[in-house]
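What you see is a predicted model, and the numbers here were worked out from it, not measured in a lab.
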Amino acid sequence: MHFRMNLCKEDQTRSLVHYERGSKQLSFVFQTMTSARLAHAKVSCKREKTSHTSLLASYFLRMHHVLTADQFSRADLDRIMQRSAEMEAILKQGGTKMCDGKILGALFYEPSTRTRLSFETAMLRLGGSVISESDVTFSSQSKGEVIEDTIRIVGGYSDVIAIRTKVKGEAKVAAHYSPVPVLNGGDGSGEHPTQSLLDLYTIVKHHNIGNEPLNIAFVGDLKYGRTVHSLAKILRNYEGVSLQFVAPEAIQMPSEYVNSRDSIHTTLTDEILQTADVIYDTRMQKERFEDIEQFNQVKNAFIFTPEMVHKMKPDATLMHPLPRVNEIMQAVDSLPQARYFEQALNGVPIRMALIAEALEV
């Protein structure tokens with residue numbers, strides 16, 4: 001894949017980045033700039049000896065914390081997708097030194113493999129360093145230290161913090177007290193905004209989202225699944241996207257994430273399988289159920305078999321935030337619709353982009 005940057009010459013200038021993959025072409029329309037601002041950007045580009053593409057991506061987006069999917073506009077999302085594609089190209093070259101001398105503080109107070117390691121890998125590929133804490137048993141929180149104090153101290157040791165907490169909303173508390181940018185790696189059953197961005201990146205690679213109708217079905221534990229909460233919010237920024245929520249009634253999508261245009265189902269029918277462009281499956285999260293009997297009743301509600309996946313469109317995408325337990329059989333992994341391992345790998349360029357933007361490099 002490659003990107004081409006075209007700059008229009010009208011007074012209200014837009015930058016268009018064309019993403020080309022095979023016979024498909026996607027156009028990302030970035031933030032409108034006046035000619036004066038664009039001229040300033042070009043001057044800055046010459047002074048810093050950077051490319052127009054890299055400069056414009058960083059010029060457009062100046063983030064601090066990444067806490068919720070609500071904070072992103074369509075323009076923000078387009079810019080993040082572009083910067084992530086740049087980072088993916090950098091990854092193929094082995095990395096960069098743009099974050100040389102910078103430190104990521106990784107605080108993970110819930111179990112994590114992909115999110116923690118992809119954050120750490122992202123910082124290392126950017127040329128930075130990592131300090132981490134992943135077992136609350138050995139942290140001062142086990143002694144009763146509050147998150148406010150932890151963040152103040154770790155923020156003094158590092159330049160950016162990635163955090164996962166057990167409590168919904170605690171990432172926002174951390175950001176309030178942090179002297180450095182905070183990136184939410186999941187807060188209890190609340191949100192997981194960086195996951196939703198890598199999910200979107202996976203969809204963008206395979207579907208012309210925003211330019212063609214797209215039918216997306218969420219399947220599984222939608223009540224406690226923070227990844228689906230964030231992704232549903234993200235997808236509201238795109239025209240032509242229809243959402244279906246498929247789950248047993250007890251773990252259906254909370255009403256705060258549903259609107260009147262969505263469709264609600266308690267069974268995964270052949271019609272849903274055959275018409276969905278994207279199916280986003282999720283694990284039944286045993287650790288979040290207060291009633292173990294309720295978990296036992298729903299734990300095997302949906303299990304994707306090769307026979308089920310064969311009913312999907314040949315160019316449909318089956319996603320899963322991982323880890324999986326038994327909800328997708330391993331025999332599905334080799335089928336063309338299965339994109340969940342690619343999806344997980346997309347976490348590195350996405351988080352490289354977010355770290356770079358947070359640090360303004």
Side-chain angles (χ1 to χ4, degrees), residues 62-72 99-198 224-227 229-230 233 285-288 290 321-323 347-348 350-361:
R62 283 292 180 261
M63 295 183 307
H64 193 58
H65 306 300
V66 175
L67 303 175
T68 172
D70 286 327
Q71 73 188 76
F72 301 115
C99 286
D100 185 28
K102 302 293 186 180
I103 296 175
L104 168 73
L107 301 177
F108 280 74
Y109 299 124
E110 272 197 333
S112 175
T113 300
R114 279 150 297 276
T115 301
R116 180 174 64 85
L117 292 181
S118 65
F119 263 119
E120 295 182 4
T121 300
M123 189 52 150
L124 294 172
R125 292 295 190 187
L126 288 168
S129 303
V130 177
I131 56 175
S132 65
E133 184 172 71
S134 58
D135 189 340
V136 70
T137 304
F138 299 104
S139 78
S140 290
Q141 286 206 349
S142 66
K143 303 174 184 177
E145 183 175 63
V146 295
I147 190 69
E148 293 89 336
D149 291 355
T150 303
I151 288 295
R152 284 187 175 105
I153 299 303
V154 177
Y157 297 156
S158 58
D159 300 284
V160 59
I161 293 173
I163 187 169
R164 169 171 289 185
T165 70
K166 296 182 178 181
V167 181
K168 181 178 179 179
E170 199 164 50
K172 293 181 180 179
V173 174
H176 180 75
Y177 289 93
S178 177
V180 298
V182 171
L183 309 178
N184 181 5
D187 59 331
S189 61
E191 285 202 56
H192 198 343
T194 67
Q195 174 73 39
S196 68
L197 292 171
L198 73 89
Y224 300 113
R226 58 192 171 202
T227 63
H229 299 166
S230 292
K233 289 183 176 183
Q285 300 186 60
K286 182 179 181 180
E287 68 273 19
R288 303 204 190 280
E290 296 179 358
L322 302 178
V348 175
I350 281 287
R351 291 174 175 125
M352 287 174 69
L354 295 176
I355 290 170
E357 293 297 340
L359 295 176
E360 300 189 6
V361 297

Straight-line distance of K166 NZ to I147 CD1, nearest 0.5 Å | 12.0 Å
At what distance, to the nearest 0.5 angstrom, does CD1 of I103 lie from CG of L359?
-> 11.0 Å
Working to the nearest 0.5 Å, report the span between NE2 of H192 and CG of L197.
-> 10.5 Å
Please round to the nearest 0.5 Å and tell me the distance separating atom CZ of F119 and atom CD1 of I350.
-> 10.5 Å
Residues that S158 engages under side-chain hydrogen bond (donor to acceptor under 3.5 Å, both in side chains), provided they are two or more places apart | none
Are the side chains of D187 and L67 in touch, meaning some heavy atoms are under 4.5 Å apart?
-> no
Apply side-chain hydrogen bond (donor to acceptor under 3.5 Å, both in side chains) to K233 and list each qualifying residue two or more places apart in sequence or on a separate chain.
-> D70, E191
Which pair of non-hydrogen atoms, one from L104 and one from A162, has the smallest distance, and what is that distance?
-> CD1-N, 3.8 Å
Taking the side chain as every heavy atom from C-beta outward, state whether I163 and I151 have any atom pair closer than 4.5 Å.
-> yes
side-chain contact (heavy atoms from CB on, under 4.5 Å) with I161: of N184, V180, T150, only one passes, and it is V180
Are side-chain heavy atoms of V146 and Y177 found at a separation under 4.5 Å?
-> no
Taking only residues two or more places apart in sequence or in another chain, which ones pass side-chain contact (heavy atoms from CB on, under 4.5 Å) with A356?
-> R83, M87, M98, V361
Would you indicate whether the side-chain heavy atoms of K102 and M123 approach each other to under 4.5 Å?
-> yes
Pairing residues for T113 by the side-chain contact (heavy atoms from CB on, under 4.5 Å) criterion, not counting sequence neighbours | L117
NE2 of H64 to CG of L183: how many Å apart, nearest 0.5 Å?
-> 10.0 Å
Considering all heavy atoms, the nearest A358-P181 contact = O-CG, 3.7 Å
Main-chain N/O of G188 paired with E170 side-chain donor or acceptor, under 3.5 Å = no
S132 and R116: side-chain donor and acceptor closer than 3.5 Å?
-> no
Report the distance from atom CD1 of I153 to atom CD of E148, rounding to the nearest 0.5 Å.
-> 12.5 Å
List in chain and number order the residues that pass side-chain hydrogen bond (donor to acceptor under 3.5 Å, both in side chains) with S118, two or more places apart in sequence or in another chain; answer none if no residue qualifies.
-> R351
For R114, the salt bridge (Lys or Arg N to Asp or Glu O under 4.0 Å) test, sequence neighbours excluded, returns none
Who are the ring pair (Phe, Tyr, Trp, His ring centres under 6.0 Å) partners of H229, not counting sequence neighbours?
-> Y257
Check side-chain hydrogen bond (donor to acceptor under 3.5 Å, both in side chains) between S196 and all other residues, then give those that pass, not counting sequence neighbours.
-> none
By side-chain contact (heavy atoms from CB on, under 4.5 Å) - contacts of R125 (at least two apart) = L91, T121, M352
With sequence neighbours excluded, tell me which residues meet salt bridge (Lys or Arg N to Asp or Glu O under 4.0 Å) with D100.
-> none
